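Quick note: numbers below take in every heavy atom, side chains included, and nothing from hydrogens, waters or symmetry partners. Computed from a predicted model, the values in this text were never measured in an experiment. Proteins come first, then strands; the chains are lettered A, B, ... in the order of their sequence lines, and each starts at number 1.
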Amino acid sequence: LDRRLSLGLLGLIAGLASGLLGVGGGIVMVPPLVALLGMTQHQAHATSLAAIVPIATVGAATFAAGGEVDIGIAGALVAGTLIGAPLGARIMAGVSETMLRLVFGIFLVIIAVELLVG
Amino acid sequence: MSGAEIIGLAVAGVAVGLLSALMGVGGGVLMVPLLVYLGETQHLAEGTSLAVIVPTAIVGVIAHRRRGYVRISDGLLLGAGGVFGAWAGARMALGIDAEVLQRGFAVFLLLVGLRLVSRSLRARRAEGEGQENAS
């Protein structure tokens, strides 16, 4: 398959997941970018983040048109994420991640089960 | 919103930013359940989460670009397909009953969580084998 077509299709699928679920869609893009298109983990992560900008913009605008964005809540959260994300990126360099990720994964599974039964 | 609520949300935002950078997952995975937990509907949680992702991702891209990791033309192609998907996905979400949408999100979250668990278990096992081989 043509490389450009593959990228467009992958974006389309990630965009669908993003708009439907309210997430960035990086989790859909990163593994194929590494496995099929030969990017390093860093390149795939950074490139998917670049794609997330237009994807999340269109998704947010579509939800906003339906009256489903709370700008006040979003603004307050952004004030926090703009501090937390670079801080996390800096800490990440010095931490062995596997134990943290195991605990966090279990935490996500618990939330998911709670959402499913609750 | 009261001042305390704004500060509470900003603190939650710091935690979301920290955790998503540390765990390698997007902020949406955390923000949508957080907002639902705070009593917002699934739809408002998803729309608001996407609105937070936009500026956060822009700042992230700028940082990655400085280190030379962003492949701009590939990102543009992904984004070109992505915007159609995002529009269709969001329209679909708006047409779905909140309870059904929430269950769909929960299944997605379950998959993300199980993937993290299996990957970290595999990494631990690989580390252990590496140590055995070394000794």
> Kindly indicate whether the side chain of V69(A), heavy atoms from C-beta on, has any atom under 4.5 Å from the side chain of L44(B).
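A side-chain contact under 4.5 Å is absent here.
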> Show your working on side chain to side chain contact (heavy atoms under 4.5 Å, CB included) between Q102(B) and L115(A) and close with a plain yes or no.
CA-CA 7 Å; Q102(B) 186 168 318; L115(A) 281 175; 3.4 Å; yes
> Please round to the nearest 0.5 Å and tell me the distance separating atom CD1 of I55(A) and atom CH2 of W87(B).
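Atom-to-atom, I55(A):CD1 and W87(B):CH2 are 15.5 Å apart.
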> Would you say L102(A) and V113(A) are hydrophobically clustered, going by side-chain heavy atoms of ILVMFWY under 4.5 Å?
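The answer is no; the residues belong to distinct hydrophobic clusters.
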> What heavy-atom pair brings A46(A) and Y69(B) nearest, and what distance separates the two atoms?
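What the structure gives for the nearest pair is CB-CB, 3.6 Å.
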> Check whether V70(B) gets within reach of chain A through its side chain, its backbone, both or neither, counting any heavy atom under 4.5 Å.
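Contact with chain A is through both the backbone and side chain of V70(B).
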> Please identify, among V103(A), L82(A), L33(A), the residue contributing the most non-hydrogen atom pairs under 4.5 Å to chain B.
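Looking at each of V103(A), L82(A), L33(A) in turn, L82(A) comes out on top.
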> Output the option from G85(B), A15(B), G28(B) having the highest count of non-hydrogen pairs under 4.5 Å with chain A.
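Of the candidates given, the most pairs with chain A belong to G85(B).
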> Below 4.0 angstrom, N of the basic side chain to O of the carboxylate: do D74(B) and R4(A) qualify?
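No salt bridge links D74(B) with R4(A).
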> Which bit of L111(B) is near chain A, if near means a heavy-atom gap under 4.5 Å: side chain, backbone, both or neither?
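Contact with chain A is absent: no heavy atom of L111(B) under 4.5 Å.
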> Where does E99(B) contact chain A at under 4.5 Å (heavy atoms): side chain, backbone, both or neither?
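For E99(B), there is no contact with chain A at all, as no heavy atom is under 4.5 Å.
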> Does any backbone or side-chain atom of A88(B) lie under 4.5 Å from a heavy atom of chain A? Answer side chain, backbone, both or neither.
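For A88(B), backbone and side chain are both near chain A.
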> In sequence, state the C-alpha distance, the side-chain angles, and the governing distance for S49(B) and V23(A), and then conclude on side chain to side chain contact (heavy atoms under 4.5 Å, CB included).
CA-CA 7 Å; S49(B) 161; V23(A) 299; 5.6 Å; no
> In terms of heavy-atom pairs under 4.5 Å with chain A, which of G13(B), G27(B), A51(B) leads?
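Greatest number of close heavy-atom pairs with chain A: G13(B).
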> Among H45(A), E114(A), R3(A), single out the residue with the greatest number of heavy-atom pairs under 4.5 Å to chain B.
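That would be R3(A).
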> Looking at every heavy atom in both A93(B) and G19(A), which two are closest together, and how far apart are they?
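A93(B) and G19(A) have their closest heavy atoms at CB-O, 3.8 Å.
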> Quick one: what part of I96(B) sits under 4.5 Å from any heavy atom of chain A, side chain, backbone, both or neither?
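Answer is side chain: those atoms of I96(B) sit under 4.5 Å from chain A.
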> Okay, side chain of T47(A), backbone of R71(B): is any donor-acceptor separation there less than 3.5 Å?
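It does hold such a pair.
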> What I'd like to find out is whether the side chain of E5(B) reaches to under 4.5 Å of the side chain of I73(A), using heavy atoms alone.
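Counting from C-beta outward, E5(B) and I73(A) never come under 4.5 Å.
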> For residues I111(A) and P33(B), report the shortest heavy-atom separation together with the two atoms involved.
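Shortest heavy-atom contact: CG2-CB, 3.9 Å.
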> Consider only side-chain heavy atoms of I, L, V, M, F, W and Y, link residues closer than 4.5 Å, and tell whether V30(A) and L9(A) are in one cluster.
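They do not share one cluster, since no chain of ILVMFWY contacts under 4.5 Å joins V30(A) to L9(A).
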> Measure L19(B) against the heavy atoms of chain A and call it side chain, backbone, both or neither at under 4.5 Å.
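Side chain only.
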> Just so I understand: if I count every heavy-atom pair under 4.5 Å between each of G84(A), A112(A), G25(A) and chain B, which residue has the most?
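The candidate making the most pairs under 4.5 Å is G84(A).
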> Return the minimal non-hydrogen interatomic distance between L77(A) and L9(B), and the atom names on each side.
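Answer, listing the atom of L77(A) first, then L9(B): CD2-O, 3.4 Å.
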> Quick check: does any side chain N or O of T48(B) sit under 3.5 Å from a backbone N or O of D70(A), one acting as donor and the other as acceptor?
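Checking the backbone N and O of D70(A) against the side chain of T48(B), a donor-acceptor pair under 3.5 Å is found.
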> Provide the closest heavy-atom pair for G59(A) versus A90(B) in the form atom of the first, atom of the second, distance.
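Closest approach of G59(A) to A90(B): O-CB, 4.1 Å.
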> Report which part of R115(B) has an atom under 4.5 Å of a heavy atom belonging to chain A: side chain, backbone, both, or neither.
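Interface part for R115(B): side chain.
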> Let me know if V52(B) has heavy atoms under 4.5 Å from chain A in its side chain, its backbone, both or neither.
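Its backbone and side chain both get close to chain A.
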> Identify which part of T41(B) has an atom lying under 4.5 Å from any heavy atom of chain A, answering side chain, backbone, both or neither.
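T41(B) touches chain A through side-chain heavy atoms alone.
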> Look up atom CG in L50(B) and atom OG in S18(A), then write down how far apart they are to the nearest 0.5 Å.
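Interatomic distance, L50(B) CG to S18(A) OG, rounded to 0.5 Å: 5.0 Å.
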> Which bit of M92(B) is near chain A, if near means a heavy-atom gap under 4.5 Å: side chain, backbone, both or neither?
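Both backbone and side chain.
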> What's the separation between atom OG in S6(A) and atom CG in L77(B), rounded to the nearest 0.5 Å?
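Separation between the atoms: 10.0 Å.
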> Report which part of F108(B) has an atom under 4.5 Å of a heavy atom belonging to chain A: side chain, backbone, both, or neither.
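Answer is side chain: those atoms of F108(B) sit under 4.5 Å from chain A.
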> Which answer fits L101(B), side chain, backbone, both or neither, if we ask what part of it has an atom under 4.5 Å from a heavy atom of chain A?
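When you check distances to chain A, only side chain atoms of L101(B) fall under 4.5 Å.
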> How many angstroms lie between CG in L110(B) and CG in L116(A), if you round to the nearest 0.5 Å?
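If we round to the nearest 0.5 Å, L110(B):CG and L116(A):CG are 6.5 Å apart.
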> I13(A) and L49(A): same hydrophobic cluster, using ILVMFWY side-chain contacts below 4.5 Å?
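Yes, same cluster.
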> Within the distance-only criterion (no hydrogens, no angle test), does the side chain of T81(A) pair as donor or acceptor with the backbone N or O of T56(B) below 3.5 angstrom?
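Not a single qualifying donor-acceptor pair exists.
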> Evaluate the side-chain proximity of V32(B) to L21(A): yes if any heavy-atom separation is below 4.5 Å, no if none is.
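A side-chain contact under 4.5 Å is absent here.
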> Quick one: does E68(A)'s side chain get under 4.5 Å of E46(B)'s, heavy atoms only?
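SC-SC contact between E68(A) and E46(B) ruled out.
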> To check you understand the geometry: which heavy-atom pair defines the closest contact between V117(B) and I106(A), and what is its length?
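Between these two residues, the closest heavy atoms are CG2-N, 3.7 Å.
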> Look at L114(B), I6(B), L94(B) and state which one has the largest set of heavy-atom pairs under 4.5 Å with chain A.
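Most heavy-atom pairs within the cutoff with chain A belong to L94(B).
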> Are V34(A) and V25(B) in one and the same hydrophobic cluster, where Ile, Leu, Val, Met, Phe, Trp and Tyr link if side-chain heavy atoms are under 4.5 Å apart?
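No, because V34(A) and V25(B) fall into different hydrophobic clusters, even though each may have its own neighbours under 4.5 Å.
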> So, do L30(B) and F104(A) sit near enough that their side-chain heavy atoms are less than 4.5 Å apart?
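Yes, side chains in contact.
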> For chain A, which of S118(B), A63(B), P55(B) has the most heavy-atom pairs under 4.5 Å?
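Answer, by heavy-atom pair count under 4.5 Å with chain A: P55(B).
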